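Take a look at the structure set out below.
Letters A, B, ... are given to chains in the order of the sequence lines, protein chains preceding strands, and every chain is numbered from 1. This one's a predicted model, so the numbers in the text were calculated from it and none came from an experiment.
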Amino acid sequence: MELPEPVTRRIDQARTRYPAEEPRAAVIEALHAAQDELGWLDQPTLDAVADYLGLEPIKVYEAATFYDMFNREPVGRHHVRVCTNISCWLCDSDAVTDRLRERLGIDFGETTSDGRFTLTEVECLGACGGAPVIWIGRSYYENATPERVEEILDGLE
Amino acid sequence: MPSYPDDYELVTLAGAFEEEPHTLQAYLDRGGYTAVAKVLEGGMARDEVIAEVKASGLRGRGGAGFPTGLKWSFMPPAEGGQPQYLACNADEAEPGTFKDRDIMRYNPHQLVEGMIIGGYAIGATVGYIYIRGEFWEPYVRVQRAIDEAYAAGYLGRDLFDSGVDFDLHIHRGAGAYIAGEETAMLESIEGKKALPRFKPPFPANYGIFGRPTTVNNVETLASVPPIINRGGQWFLELGTPKSGGTKIFSVSGHVAWPGNYEVPMGTPFAELLELAGGVRDGNRLKAVIPGGPSVPMVPAETILETRLDYEALGEAGTMLGAGSVIVMDETTCIVRAVERLAKFFFHESCGQCTPCREGSGWLHRVIHRIENGAGRLEDLDTLLHVGSRIEGHTICAFGEAEVAPVASSIEHFREEYEAHIHGKGCPMAASGRVSRRVAEAG
Ligand code: FES
C-alpha cells in the first residue's frame, strides 16, 4: 500500500528534526500521522511506514505495540477516553464512567454498533486539577460530571 | 485562579494569569529573552552560567531533585562538529502532576529561553522537548513559541552574533508513563520502545544517538532565565538554604480549589492547603501523597506539621517528588486508593525486569482481593515481602515507586486493611464507592 500524501508530508517534516542517518527517530511521529489520517494502524500501514522510512518492519511494530495511543484495531469515530486514576477517582470518576457506559451501552474497550463511539479507560492525563477528565480527539473535558457527559456527547456528530 | 499573598514571587508561572500570556509579545513585555541576551551578547562563559545555576540551589523539578548546575557540569566539552543534546522532559504523567502543562500553555517562551541558555551551558546545539502525546494544546503552544523564536532570531544559527547555534524541536510521545524515566525517554526519542537503560553509562556520556545528553524537566528549565537575570542568590533566597527557589505544587483530590500553586520552597503544607481552599466541604483531612504516587503517603497529623521542601519532607518519611500533592479526606478508603495505584503501576510496568513485571501484578491482585472481601491476614506480610523483593532489584526507580504507596499505607493505615480483612469487604461505603461530596450524598 501507498501512504497518503498528508502522511508522507508529515514524515518528511519529522525526518528533518533528526540526523539524516537516524530515520527510526521519526517512527512515533510517522505512526501519529498515519493514525490521524486512517483512524487506526493495520498491518499494511505499519509495513508501508517501515518501507517509507527504510526500516525493518519489526522496528515499526515495536513502537506501534508499545505505546498506548496507537490503535491496533478499528475505533469509533469518537474515541472517548476517561481517566480513572487517583485524582480523578477521588473526584468521583466512577459516576462519570457509569454514565458513559449507560449512555453508550458499551463497556471499556468496546465500540458502539453504529461505529460512532469507542470507550477506553486511561491512566492519568496530566490534568488532575480538573479531575475527572475525559479526552476525546484533541480535546480535554475537565471537571466532568454525569450531566456534563450528556452535554459533551450531545455536542458530538 | 489562586489568590496569592502579595509578597509571593511567581517564577515559572509568571504572567500565567494574564490575557494571552503565551505569545512572544507578552513574554517580551515581561522582560523575556533578556537573560539569553545577557549570556550570549554579554559574553558570559559557560562556566559562569553553570556557577550561577549552582548558586541558585535549583534542583530537578521532575521528581529526582538532583542539583541542576551539577548535572550540567557532567557534560563533556563539545568536540568539533559532533552534536550534543539537551532534552526537556515534558512527559508529565505521574498521577497528580499537571504543572508542566500549565507552563507550556501559559509561559512556553520561558521554557524555550531556558533551553537556549541550558544548551549553551552544556555545549548542546540541538534540543528536543519530549511532550506526552496526549497533550495537544500544550504541544500547539510550544510549537508556536518555537516558530516565533526562530522568526525573531532567538533560535537557529549564530544567535546574538555570538557564533552560538541552537535548534529546538518537539518530539511527541504516544502514551507510556515509563517514557518519563530519563533514559527511557532517550530510547523513545530514538523511536524505540521506552525501556529504561542500564546505567552507567550515564546520559552525559551516552545519550541520544549515543551522544552526550542532558535531560531536564520543564519547570527546571523554565526557572533558568530568571536565575540568570536576577542572580542565583536571589533564587536561592526565595526558598530555603538547601531547597532554593519557588516550586509549583499541583494540588488535586479533596480540596475546594484544585490547581497549581507556585509557592516558596519551605512553605508549610498547611499554608498550601489554605491557598487551595482547604479540604472540601469542611471535611477532615485523612492522608496526603505529597509528590505523586511514587512517594510514600503520610497521614494528616504528620503532613500538617511539615514544610514543603526536600529536607522537611524527607524527615517526614516521604519525598517532594514532582510536587504533586494528592489530598484525601476522611471519606477516602485508603485500600481502594492504593488498589487503583497498584493497578496503574501494573499497567505501566515496561516489563523489562522480572521483579517489577511480576511483582506489580502480585501487589495489585493481593490488594484487589483485600478490597473485595477475600483478603487474609497474612496478605499484609505478603505485600511487604513482595515489595522488598522488588525494591532495589530493578533497572530504574519504577520498582521503588510501585512499592511506595503499598508499604506506606500499610505502615500508617494497617488497621484499615485489617478492617477490610476481618469484615470481608470495604467498610467505608456499602455502595463500594466513596462519595464525592458528603453533602450531596445526604
Ligand atoms: S488522575 Fe486523572 S488526569 Fe491525572
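B/Tyr128 touches chain A through its side chain: at least one heavy atom from C-beta onward sits under 4.5 Å away, while N, CA, C and O do not. Contacts of A/Thr84 with chain B are made by both backbone and side-chain atoms, with heavy-atom separations under 4.5 Å. Using a 4.5 Å cut-off between heavy atoms, A/Ile28 contacts chain B through its side chain alone, with no backbone atom that close. Neither the backbone nor the side chain of B/Ile208 has a heavy atom closer than 4.5 Å to any heavy atom of chain A. With a 4.5 Å cut-off on non-hydrogen atoms, B/Val327 touches chain A through its backbone but not through its side chain. Contacts between A/Gln35 and chain B at a heavy-atom distance below 4.5 Å are absent for every atom of the residue. Neither the backbone nor the side chain of A/Val60 comes within less than 4.5 Å of any heavy atom in chain B. Heavy atoms closer than 4.5 Å to chain A are found in the side chain of B/Arg101, but not in its backbone. If you measure heavy-atom distances from B/Ser188 to chain A, the contacts under 4.5 Å come from both the backbone and the side chain. Only the backbone of B/Glu94 comes within contact range of chain A, with at least one heavy atom under 4.5 Å from a heavy atom of that chain.
Under the 3.5 Å distance criterion, the side-chain polar atoms of A/Tyr67 are matched with a main-chain donor or acceptor of B/Ala194. For B/His347 (side chain) and A/Glu123 (main-chain N/O), no donor-acceptor pair under 3.5 Å exists by modelled atom type.
Heavy-atom pairs under 4.5 Å with chain A were tallied for B/Gly259, B/Ala176, B/Gly96; the largest tally goes to B/Gly96. Ranked by heavy-atom pairs under 4.5 Å with chain A, the list B/Ala179, B/Pro138, B/Ser252 is led by B/Ser252. With respect to chain A, the highest number of heavy-atom pairs below 4.5 Å among B/Gly173, B/Ser324, B/Ala276 belongs to B/Gly173. Contact count against chain A (heavy-atom pairs under 4.5 Å) is highest for B/Ala337 among B/Ala93, B/Ala337, B/Pro83, B/Ser250.
When all heavy atoms are compared, the tightest approach of B/Glu348 to A/Asp68 is OE2-OD2, 4.0 Å. A/Gly129 approaches B/Pro258 most closely through the heavy-atom pair O-CB, 3.5 Å. Between A/Ala63 and B/Gly191 the shortest heavy-atom distance is CB-O, 4.1 Å. The shortest heavy-atom contact between B/Arg336 and A/Asp94 is NH2-OD2, 3.2 Å. The minimum heavy-atom distance between B/Gly253 and A/Leu90, with the atom names listed, is CA-CD1, 4.0 Å. Taking both residues in full, the closest heavy atoms of B/Ala174 and A/His32 are given as CB-NE2, 3.7 Å, listed atom of the first, atom of the second, then distance.
Between the side chains of B/His171 and A/Tyr18, at least one donor N or O sits under 3.5 Å from an acceptor N or O.
Residues A/Phe66 and B/Leu195 are in side-chain contact: their nearest non-hydrogen atoms beyond the backbone lie under 4.5 Å apart. Residues A/Arg138 and B/Glu134 are not in side-chain contact: their nearest non-hydrogen atoms beyond the backbone lie 4.5 Å or more apart. Residues B/Phe209 and A/Pro19 form a side-chain contact, since some pair of their non-hydrogen atoms from C-beta on lies under 4.5 Å apart. Within the 4.5 Å cutoff, the side chain of B/Lys192 has heavy atoms near those of the A/Arg24 side chain.
Remark: A/Glu121 engages B/Lys343 in a salt bridge, criterion side-chain N to carboxylate O under 4.0 Å.
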Set out, in order, the CA-CA distance, both residues' side-chain angles and the distance that settles side chain to side chain contact (heavy atoms under 4.5 Å, CB included) for B/Phe98 and A/Val133, then state yes or no. CA-CA 12 Å; B/Phe98 46 97; A/Val133 184; over 6 Å; no
Given side chain to side chain contact (heavy atoms under 4.5 Å, CB included), test A/Asn85 with B/Leu341 step by step and report yes or no. CA-CA 7 Å; A/Asn85 208 312; B/Leu341 294 175; 3.8 Å; yes
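With sequence neighbours excluded, the residues that form a side-chain hydrogen bond (donor to acceptor under 3.5 Å, both in side chains) with A/Arg10 are A/Glu29, A/Asp36.
Taking SG from A/Cys124 and CD from B/Glu92, the interatomic distance works out to 8.0 Å, rounded to the nearest 0.5 Å. A distance of 10.5 Å separates CH2 of A/Trp135 from CZ of B/Phe135, quoted to the nearest 0.5 Å.
Residue-environment remark: CD (A/Glu2) stays at or below the threshold of 12 foreign heavy atoms within 6.0 Å. Surrounding CD of A/Glu73 are at most 12 heavy atoms belonging to other residues, nucleotides or ligands under 6.0 Å away. Environment of NE2 in B/His368: sparse, with no more than 12 heavy atoms of neighbouring residues, nucleotides or ligands closer than 6.0 Å.
Test B/Thr97, B/Ile326, B/Ile289, B/Val251 against A/Ser87 for side chain to side chain contact (heavy atoms under 4.5 Å, CB included) and you get one pass: B/Ile326.
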